[in-house]
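To keep things clear, I will list the structure first and then write my remarks on it.
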Amino acid sequence: MTKTMKFRTTRRRFLAGGAAVAAAGFAPARFAIGARAPVKIGILLPYAGTYARLGENITAGFKLRVDEAGGKIGGRDVEYIQVDSEMKPPLAPEKTNKLVSGEKVDFIVGPVHSGVAMVMARIVRGENVVMVCPNAGAGALTGSMCAPNIFRTSFSNWQTSFPCGEVMIKDGHRNAVSMFWKYAAGIQMKDAFAESFTAAGGKVVREIGVPFPSVEFQAYLTEIAALRPDAVFMFFAGGGAAKVVKDYAAAGLKSRVPLYGPGFLTEGVLGAQGEAAEGVRTTLHYDNGLDNPANRRFRAAFKTAAGKEADVYAVQGYDAASLILHGMAAVGGDTGARNDLIRAMAGTTFDSPRGRFVLSKAHNPVQDFYLREVRGGRNVVLGIAHKALADPATGCNMV
Ligand code: PHB
């Protein structure tokens with residue numbers, strides 16, 4: 001996706017004006033210039049490949065929230081600079097630096113992919129920019145690499161899958177196979193599932209890592225059929241999730257081995273999965289059907305703005321903008337008041353479509369995880385799998 005250069009000339013004119021004033025012997029406060037320049041939002045998300053829809057929905061959710069606030073953040077116009085992450089960690093240093101050092105963005109919003117997130121965090125920690133992660137669940141982001149200027153509006157990988165192991169035990173399963181994309185996200189999720197599952201007496205009989213972003217599942221599904229576990233835990237998302245659930249049913253496994261996972265397995269892809277998804281049980285911090293005023297309003301607005309149904313990714317983007325809006329309102333749009341801005345963001349709480357939004361000391365949401373089951377082509381909430389779950393934030397020196 002190409003960059004949006006909307007307000008660039010406006011900014012240059014202000015900077016030139018400031019220089020002229022300074023040359024005349026009057027040095028305006030930094031805020032006096034910055035207050036009128038647009039807030040620069042760098043967006044680093046995937047816009048092609050298996051996570052394309054995730055990136056698109058996060059972006060649409062973010063922009064919807066800013067538009068609802070009158071198109072301004074902290075009283076200032078907004079300039080978006082969008083870069084396609086391509087879901088490739090090796091490209092992340094260059095892409096992040098381009099936004100942070102090249103464009104000098106005030107906020108960097110992204111990414112989707114945990115591997116990209118770790119690269120971004122390493123760079124951002126030492127820079128005068130605030131990172132808001134609207135998806136990637138890498139534990140380190142709000143764990144060993146936590147920092148005052150790093151925030152997350154989504155989840156940690158651990159949070160999404162620890163409750164799933166508990167649910168599978170409650171459902172009476174004792175032997176399970178896990179199958180996941182073999183990179184940071186999938187590895188952390190299957191470990192979190194195994195943690196609660198084995199602590200309660202379950203046994204993980206086989207862990208199957210699939211190279212990311214491959215969608216060639218057949219050989220692995222044949223192996224699962226031979227192993228005959230009680231249940232399967234899976235992490236796939238986007239295009240991969242759409243396909244694996246269909247392949248699972250086509251392999252004849254659906255009626256024999258119940259399928260579980262974090263909610264990404266069915267999120268935003270039920271239309272593509274059709275009948276194959278019926279009965280799949282997942283744990284997630286959001287569901288379309290949550291009956292609260294913020295969710296009802298959000299879903300209607302998203303549908304009007306984007307022309308499609310919202311999902312968890314859209315919510316996470318929407319909340320990333322809410323977090324920035326709250327922080328910037330508290331400092332009157334002055335990004336130079338960095339400590340106050342960070343303090344305001346950390347302490348903010350608002351009604352998210354998922355429920356009340358609250359951050360931990362490590363800047364990761366503390367939230368309820370719902371148990372959902374696909375019935376009649378949609379997810380139905382069966383209850384709360386784990387209430388007010390906080391990530392352990394292992395290694396974070398802010399907790
Ligand atoms: C991640 O890489 O952290 C990730 C990607 C897609 C998801 C969830 C987590 O749906």
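Atoms within each ligand, like the ligands themselves, are counted from 1 in listed order.
- For the pair Met189 and ligand 1, the shortest N or O to N or O distance does not fall below 3.5 Å.
- Ligand-side atoms of ligand 1 in range of His113: 2 (O), range being under 4.0 angstrom from any heavy atom.
- Those atoms of ligand 1 with a heavy atom of Asn157 less than 4.0 angstrom away are 3 (O).
- Hydrophobic clustering (side-chain heavy atoms under 4.5 Å, transitive across Ile, Leu, Val, Met, Phe, Trp, Tyr) keeps Met118 apart from Ile123.
- What sits closest to atom 4 (C) of ligand 1 on the protein, heavy atoms only, is Val112 O, 3.4 Å.
- Neither side chain, Asn364 nor Asp391, offers a donor N or O lying under 3.5 Å from an acceptor on the other.
- At a threshold of 4.5 Å between non-hydrogen side-chain atoms, the residues Leu290 and Pro353 do not count as touching.
- For a threshold of 3.5 Å applied to N or O pairs, the pair formed by Tyr313 and ligand 1 contains at least one separation below that value.
- Contact atoms of ligand 1 toward Phe264: 8 (C), 10 (O) (distance under 4.0 Å to a heavy atom of the residue).
- Of all heavy-atom pairs spanning Gln188 and Ala138, the tightest one is OE1-CA, 3.5 Å.
- Residue contacts with ligand 1 for Phe155 involve side-chain atoms from C-beta outward but no N, CA, C or O (heavy atoms, distance under 4.0 Å).
- Where the criterion is an N or O separation shorter than 3.5 Å, residue side chain and backbone included, Tyr183 meets it with respect to ligand 1.
- For Phe155 and Tyr286, the ring centers are positioned 6.0 Å apart or more.
- Checking side-chain atoms of Thr349 against main-chain N and O of Phe357 turns up a donor-acceptor pair under 3.5 Å.
- For Asn135, every heavy-atom contact with ligand 1 shorter than 4.0 Å involves the side chain, none the backbone.
- Counting heavy atoms under 4.0 Å from ligand 1, residue Ser114 touches it through both backbone and side chain.
- Interface of Ala237 with ligand 1, defined as ligand atoms under 4.0 Å from a residue heavy atom, comprises 6 (C), 7 (C), 10 (O).
- Panel note: side chain Thr160, backbone Asn157; a donor-acceptor pair is recorded below 3.5 Å.
- Across all their heavy atoms, Asp84 and Leu44 have their closest contact at C-CD1, 4.3 Å.
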